Amino acid sequence: MFMKRTNVALVVEDQPLIALEIEQILKDAGWRDILTFVSAGETENWLARQLPSVAVIEASVQDGHCETIARMLSDHAVPFIVHSVENEGRRLSSPLRNCKAWIEKPGTPEMFVAALGRRFDGF
């Protein structure tokens, strides 16, 4: 299946205030096209047709774990950060382990900037 690569920064977060904060961090880092989803199902449907340039995902959202999302991103070499209350060690056997950085909540803007600047070419 043909998937269109976009210049979008994808955010998967079901907490509205946290999503807004991540969007602002991405805007401050130069991203203009940011797409936010609150559910794994919606995100997976979008990813079946399009690919972002980068993603920040929660390990679990309102309708389940984001392991399929992580697998889809990894399969297409899309760099992503996991931002979660879950401890990184719990996910070492899942597709989430392919993240470029794991930021435990509450993450600071400086943590995102450090991870983004260090991990993503062209960011």
Side-chain angles (χ1 to χ4, degrees):
M1 168 181 253
F2 173 75
M3 292 177 40
K4 178 184 175 189
R5 174 111 20 200
T6 65
N7 227 4
V8 168
L10 175 66
V11 176
V12 183
E13 173 59 64
D14 60 355
Q15 300 295 317
L17 293 177
I18 295 172
L20 287 171
E21 181 180 11
I22 294 169
E23 289 171 2
Q24 188 59 54
I25 291 167
L26 290 167
K27 287 177 186 174
D28 291 346
W31 288 92
R32 296 295 159 240
D33 295 322
I34 301 166
L35 181 62
T36 301
F37 289 105
V38 298
S39 81
E42 289 177 326
T43 306
E44 291 166 17
N45 287 337
W46 186 83
L47 286 172
R49 298 180 316 276
Q50 300 185 68
L51 293 172
S53 294
V54 66
V56 178
I57 67 172
E58 166 62 90
S60 298
V61 290
Q62 65 185 7
D63 62 344
H65 290 287
C66 292
E67 292 176 355
T68 300
I69 294 167
R71 183 177 299 110
M72 294 171 86
L73 295 169
S74 295
D75 286 351
H76 295 283
V78 175
F80 66 96
I81 291 174
V82 174
H83 182 235
S84 182
V85 296
E86 294 186 30
N87 183 289
E88 181 177 9
R90 290 192 207 163
R91 296 289 175 192
L92 290 179
S93 63
S94 85
L96 293 168
R97 74 183 179 285
N98 296 322
C99 66
K100 301 301 179 188
W102 190 293
I103 300 174
E104 287 188 31
K105 289 180 179 176
T108 65
E110 293 79 16
M111 294 168 107
F112 281 94
V113 170
L116 292 168
R118 171 177 80 236
R119 305 290 183 141
F120 300 120
D121 295 335
F123 195 83

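In this text the structure is predicted, and so the values were computed from the model without any measurement.
A distance of 4.5 Å separates CD1 in I103 from CZ in F112, rounded to the nearest 0.5 Å.
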Test side-chain contact (heavy atoms from CB on, under 4.5 Å) applied to V54 and W31, step by step: CA-CA 10 Å; V54 66; W31 288 92; 3.4 Å; yes

Stepwise side-chain contact (heavy atoms from CB on, under 4.5 Å) test for S53 and N7: CA-CA 5 Å; S53 294; N7 227 4; 3.5 Å; yes

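Nearest heavy atom pair, residue I69 against residue A40, reads CD1-CA, 3.8 Å. Shortest non-hydrogen contact noted between A59 and S84 is CB-OG, 3.4 Å. Contact record, P95 with S74: O-OG, 4.2 Å, taken as the closest heavy-atom pair.
No side-chain heavy atom of H83 sits under 4.5 Å from any side-chain heavy atom of M111. At least one side-chain heavy atom of W102 sits under 4.5 Å from a side-chain heavy atom of L96. Residues L10 and L47 are in side-chain contact: their nearest non-hydrogen atoms beyond the backbone lie under 4.5 Å apart. The closest side-chain heavy-atom distance from F37 to V61 is not below 4.5 Å. Side-chain contact between P52 and L73 is present, with heavy atoms from C-beta onward closer than 4.5 Å.
For V38, the side chain to side chain contact (heavy atoms under 4.5 Å, CB included) test picks out D14, E42, Q62, with sequence neighbours left out.
Residues in residues 68-81 take part in no salt bridge (charged side-chain N to carboxylate O under 4.0 Å, His left out) pair, two or more places apart or across chains.
Panel note: side chain E13, backbone Q15; a donor-acceptor pair is recorded below 3.5 Å.
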Can you list, pair by pair, the side-chain donor-acceptor contacts under 3.5 Å of residues 21-29, counting residues two or more places apart and other chains?
unit_1: E23; atom_1: OE2; unit_2: T36; atom_2: OG1; d: 2.4
unit_1: Q24; atom_1: NE2; unit_2: D28; atom_2: OD1; d: 2.8

